[in-house]
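Presented below is the structure to which this report refers.
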Amino acid sequence: MFIIVIEGLSLVGKTTLCENLLRYYEKAGKVCRFCRHGHLTSNTTAISYYKQAIMAYNSWQLQNAVELSINSIQTDYFDFCSSDILKQHIDIIFLDRHFISQYVVAEYFNINTKVTFCKPEHYFEFLLTANYPELLRRASIRKNNHSKLTDYTLSSSHIHKEFEDLYKKYILLNNPPEHIIENDDFGGFKAIVPLIDNLIER
C-alpha cells in the first residue's frame, strides 16, 4: 500500500488533483482510495475534532483550532494504524493534506504543540503550489466560499509567500525537490504522474 499525500494551501488544487489521480490509476487497474481532510478512516471522534477545528479557525481561536486539528489527524492516524484497512488490498491511497499542514500553521502562528507521527512505509508527500494572483482568481470564482484561515493566507502576497515557504521547508525535510509541484495552470497532474509511477514501480 502506498500513501500519496498532497499538501498545500487552500485553492492550489489538491482535491482536483487527488480526484484526477484516483480516476487515472483506477483506470490503470489499481485499487485506490481518495481520503479528504487528512483522514484515512471514518473515525467519528476524529471527524468531530475536525469540525470543531473549523469552527475555531472561523472564530480565529488559533491555539484551540491548531490543537483540535492536530487531535483530529492524530486520532484518525492511530485508528488507521490499528485498523483492518492495512490488511485490505489497496494499492494507493491519495490523501488531501496530513501532518505537514499542522506543522506549518503551528509554526507560523508560534503555537507550541506536541505532534507524534511515525511515518509508515511507502508514505510520500508532495507539495502543490500556485502563485498569489492565481489563488486570488480562484478565490473570486468560489465567491469567497472558504475559511477564515484561507482569507488570512490570501490577505497579502507576503503572507502567502511565508506560508508557502514553510510548506517547502517541511516537504524538503523528507522528500526531494521534485516533489514540489507547480499548479498555476492545473498542470500538476502531468508533472506528478511520472513521479508516482517511479515510486510505486521501485
Sidechain-backbone polar pair: R138 side chain, S10 backbone, donor-acceptor under 3.5 Å = no
Evaluation steps, side chain to side chain contact (heavy atoms under 4.5 Å, CB included), between L9 and L154 = CA-CA 10 Å; L9 290 165; L154 293 177; over 6 Å; no
What's the shortest heavy-atom distance between H39 and A46, and which atoms?
-> CE1-O, 3.6 Å
Is a salt bridge present between E26 and R23, judged by a nitrogen-to-oxygen distance below 4.0 Å?
-> no
Flag, side chain of D96 to backbone of H37, donor-acceptor distance under 3.5 Å | no
Which atom of F34 lies closest to which atom of C18, heavy atoms considered | CE1-CB, 3.2 Å
Would Y170 and E107 count as a side chain to side chain donor-acceptor pair (under 3.5 Å) if you check the C-alpha gap in whole Å, the side-chain angles of each, and the deciding distance to 0.1 Å?
-> CA-CA 11 Å; Y170 282 105; E107 181 169 334; 2.3 Å; yes
Interatomic distance, CG@N64 vs CD@Q52, rounded to 0.5 Å, equals 8.0 Å
Value for OG (S156) from NE2 (H158), rounded to nearest 0.5 Å, stands at 6.5 Å
Using the rule that two of Ile, Leu, Val, Met, Phe, Trp, Tyr join whenever any of their side-chain heavy atoms come within less than 4.5 Å, decide whether L62 and L68 are in one cluster.
-> no
Inter-residue atom distance S69.OG - R97.CZ, 0.5 Å rounding = 8.5 Å
What is the ring orientation for Y152 with W60, classed by angle as parallel under 30°, tilted 30 to 60°, or perpendicular over 60°?
-> tilted
Derivation of the ring pair (Phe, Tyr, Trp, His ring centres under 6.0 Å) call for Y25 and F2 | CA-CA 12 Å; Y25 283 101; F2 290 82; over 10 Å; no
Working for side chain to side chain contact (heavy atoms under 4.5 Å, CB included), residues L11 and T153 | CA-CA 11 Å; L11 303 174; T153 62; over 6 Å; no
Where is the tightest heavy-atom contact between N175 and E125, given as atom of each residue plus distance?
-> ND2-OE1, 2.8 Å
Can I47 be reached from M55 by stepping across I, L, V, M, F, W or Y side chains whose heavy atoms are under 4.5 Å apart?
-> no
Can you name the nearest heavy-atom pair linking N20 to F189, along with the distance?
-> O-CE1, 3.8 Å
Are E164 and K161 close enough, and set up right, to give a salt bridge (charged side-chain N to carboxylate O under 4.0 Å, His left out), and what steps lead you there?
-> CA-CA 5 Å; E164 196 165 83; K161 184 179 185 303; over 6 Å; no
Please check if atom OH in Y49 has more than 12 non-hydrogen atoms from other residues, nucleotides or ligands closer than 6.0 Å.
-> no
With E162 via salt bridge (Lys or Arg N to Asp or Glu O under 4.0 Å) - residues at least two apart | none
What's the spacing between I111 CD1 and E67 CD if we round to 0.5 Å?
-> 7.5 Å
Specify whether H98 and Y77 have parallel, tilted or perpendicular ring planes, treating 30° as the upper limit for parallel and 60° as the lower limit for perpendicular.
-> perpendicular
When every non-hydrogen atom of H160 is compared with those of N131, the smallest separation belongs to CE1-C, 4.2 Å
State whether the number of non-hydrogen atoms from other residues, nucleotides or ligands found under 6.0 Å of K148 atom NZ is greater than 12.
-> yes
CA sep, side-chain torsions, deciding dist, call: I92, L21, side chain to side chain contact (heavy atoms under 4.5 Å, CB included) = CA-CA 10 Å; I92 312 172; L21 289 170; over 6 Å; no
From H122 atom NE2 to I4 atom CD1, the distance as rounded to the nearest 0.5 Å = 10.5 Å
Test item: side-chain donor near acceptor, S48 and T45, under 3.5 Å | no
Are S101 and Y167 close enough, and set up right, to give a side chain to side chain donor-acceptor pair (under 3.5 Å), and what steps lead you there?
-> CA-CA 7 Å; S101 287; Y167 269 104; 3.0 Å; yes
In this structure, CG of D79 is separated from OG1 of T41 (nearest 0.5 Å) by 4.5 Å
Answer yes or no for R36 and Y50: cation-pi contact, defined as NZ/CZ to six-membered ring centre under 6.0 Å and angle to ring axis within 45°.
-> no
In terms of hydrophobic clusters joined by side-chain contacts under 4.5 Å, are L128 and F186 together?
-> no
For the student: nearest non-hydrogen atoms of I3 and P120, plus distance | CD1-CG, 4.1 Å
Please step through side chain to side chain contact (heavy atoms under 4.5 Å, CB included) for the pair Y24 and V193, ending with a clear verdict.
-> CA-CA 9 Å; Y24 175 82; V193 165; 3.7 Å; yes
Among the clusters formed by ILVMFWY side chains lying less than 4.5 Å apart, do L166 and L135 turn up in the same one?
-> yes
Report yes or no: do F124 and I90 belong to one cluster of Ile/Leu/Val/Met/Phe/Trp/Tyr joined by side chain heavy-atom distances under 4.5 Å?
-> yes
